[in-house]
Number of protein chains: 2
Amino acid sequence: MSLTQIQYFVAVAEEENVTRAARRLHVSQPPLSRQLLKLEDELGAALFDRAAAGDKRMQLSPEGRTFLEHARRILAEVEAAEQSVKTSGGLRGT
Amino acid sequence: MSLTQIQYFVAVAEEENVTRAARRLHVSQPPLSRQLLKLEDELGAALFDRAAAGDKRMQLSPEGRTFLEHARRILAEVEAAEQSVKTSGGLRGT
DNA sequence: ACGACCCAGATCCAAAGGGTATTGGACCGC
DNA sequence: GCGGTCCAATACCCTTTGGATCTGGGTCGT
């Protein structure tokens with residue numbers, strides 16, 4: 001699992017559409033699709049409900065919904081970590 | 001910034017020694033050293049106090065100490081995310 | 001002075017990650 | 001039923017990243 005995968009996942013979860021999420025992330029659709037599958041594989045669970053025939057939306061599965069909450073927390077924490085260092089360290093140098 | 005870098009950083013911070021941390025992580029010392037430098041570069045701050053001439057320990061800088069707390073939270077959250085999915089999804093398969 | 005220890009740099013190679021092109025399935029208008 | 005459209009997944013290639021080995025510079029203990 002990587003931070004990139006987590007970001008990708010969140011974007012797709014929010015857009016409910018891989019292609020749109022890809023645009024938002026400035027990557028192309030296939031890599032995004034692949035990372036999603038890889039993440040699901042690593043976790044051993046389907047994060048999306050693709051089988052929803054007739055509906056094109058990438059809807060979150062129950063596991064997906066659970067994971068989404070954690071994913072957001074992780075990304076928030078990462079950002080906090082960056083900020084904390086940049087704030088404390090950024091004051092001194094030129 | 002990647003989860004790997006964060007793990008590496010935590011290990012080195014705990015061991016106060018790159019070589020030992022490398023052994024613990026089952027990687028060799030140079031890659032570990034590089035990732036550390038890269039992380040510091042990305043964050044724009046020194047996480048360790050290498051300048052402490054005469055002292056071989058990789059001691060955390062003030063920024064390093066701050067970052068360490070966040071780093072641990074991130075890793076914990078990642079593990080929680082994995083567990084949550086595996087627990088809920090792991091019941092069905094084989 | 002020599003050996004032990006430690007971090008960082010250089011170099012090489014394998015693996016990962018992204019891009020384009022394409023396929024396959026589902027829906028829609030005709 | 002047949003093309004057109006939309007979407008995700010696959011195939012294939014290529015660049016980039018990340019790890020391993022080897023080397024160098026520096027400090028300490030003997």
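Every heavy atom of this structure was used, including side-chain atoms; hydrogens, water molecules and symmetry mates were not. Predicted, not measured: the structure shown is a model, and the values here were computed from it. Convention: sequence-line order gives letters A, B, ...; per-chain numbering from 1.
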Asker: So, are A/Arg72 and A/Glu14 salt-bridged, with charged N and O less than 4.0 Å apart?
Answerer: yes
Asker: Among D/dA20, C/dC6, D/dA8, which nucleotide has an atom closest to any side-chain atom of B/Thr19?
Answerer: C/dC6
Asker: Judged by each residue's nearest nucleotide on DNA chain C, which is more toward the 5′ side, A/His26 or B/Ser33?
Answerer: B/Ser33
Asker: Nearest to the B/Tyr8 side chain among C/dC6, D/dG19, C/dC7, which nucleotide is it?
Answerer: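 Of C/dC6, D/dG19, C/dC7, D/dG19 is nearest to the side chain of B/Tyr8.
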Asker: Counting heavy atoms from C-beta on, name the nucleotide in C/dC7, D/dA8, D/dT21 closest to the side chain of B/Pro30.
Answerer: D/dT21
Asker: Whole angstroms only, please: what is the CZ-P distance between A/Phe9 and D/dA8?
Answerer: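 After rounding, the reported distance stands at 15 Å.
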Asker: Would the base of C/dG18 count as contacting A/Arg34 through its side chain, where contact means a donor and an acceptor less than 3.5 Å apart?
Answerer: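 Present.
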Asker: Rounding to a whole Å, what distance do you find between B/Arg23:CZ and D/dA20:P?
Answerer: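 Whole-Å distance recorded here is 14 Å.
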Asker: Can you establish whether the number of heavy atoms outside B/Glu42 located under 6.0 Å from its atom CD is more than 12?
Answerer: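 Enclosed: over 12 neighbouring heavy atoms sit under 6.0 Å from CD of B/Glu42.
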Asker: In whole angstrom, give the distance that lies between atom CE of A/Met1 and atom P of C/dG17.
Answerer: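 In whole Å, C/dG17 P lies 14 Å from A/Met1 CE.
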Asker: Picking from D/dA20, D/dA9, D/dT17, which would you name as closest to the side chain of B/Lys38?
Answerer: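 Comparing D/dA20, D/dA9, D/dT17 against the side chain of B/Lys38, the answer is D/dT17.
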Asker: Taking only side-chain nitrogens and oxygens of B/Gln35, does any of them come within less than 4.0 Å of OP1 or OP2 of D/dG19?
Answerer: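 Answer yes for this pair, as a side-chain N or O of B/Gln35 is under 4.0 Å from OP1 or OP2.
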Asker: Does the ring center of B/Phe48 lie less than 6.0 Å from the ring center of B/Phe9?
Answerer: yes
Asker: Would a 4.5 Å heavy-atom cut-off, applied to side chains only, mark A/Thr4 and A/Gln35 as touching?
Answerer: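 The answer is no; the side chains never approach within 4.5 Å.
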Asker: Quick one: A/Leu3 CG to D/dT17 P, roughly how many Å, whole number?
Answerer: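 Rounded to whole Å, this separation is 16 Å.
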Asker: To the nearest 0.5 Å, how far apart are OG in B/Ser28 and CZ in B/Arg23?
Answerer: 12.0 Å
Asker: Relative to the 5' end of DNA chain C, which residue comes earlier, A/Ser2 or A/Gln29, by the nucleotide with the nearest heavy atom?
Answerer: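 Result of the comparison: A/Ser2.
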Asker: Roughly how many Å is it from CG in A/Leu36 to P in C/dG18, rounded to a whole number?
Answerer: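 It works out to 12 Å between those atoms.
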Asker: Base, sugar-phosphate or nothing for A/Leu32? Non-hydrogen atoms, less than 4.0 Å.
Answerer: nothing
Asker: Atom CG of B/Asp41 to atom P of D/dG18: distance rounded to whole Å?
Answerer: 13 Å
Asker: What's the CE-C1' distance between A/Met58 and D/dC6, to the nearest Å?
Answerer: 14 Å
Asker: A/Asn17 has an atom CG; how far is it from atom P of D/dT5, in whole Å?
Answerer: 18 Å
Asker: Which nucleotide in the set D/dA8, C/dC7, C/dG18 lies at the smallest distance from any side-chain heavy atom of A/Arg50?
Answerer: D/dA8
Asker: Considering only D/dA8, C/dG19, D/dA20, which nucleotide approaches the side chain of B/Ser28 most closely?
Answerer: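 That would be D/dA20.
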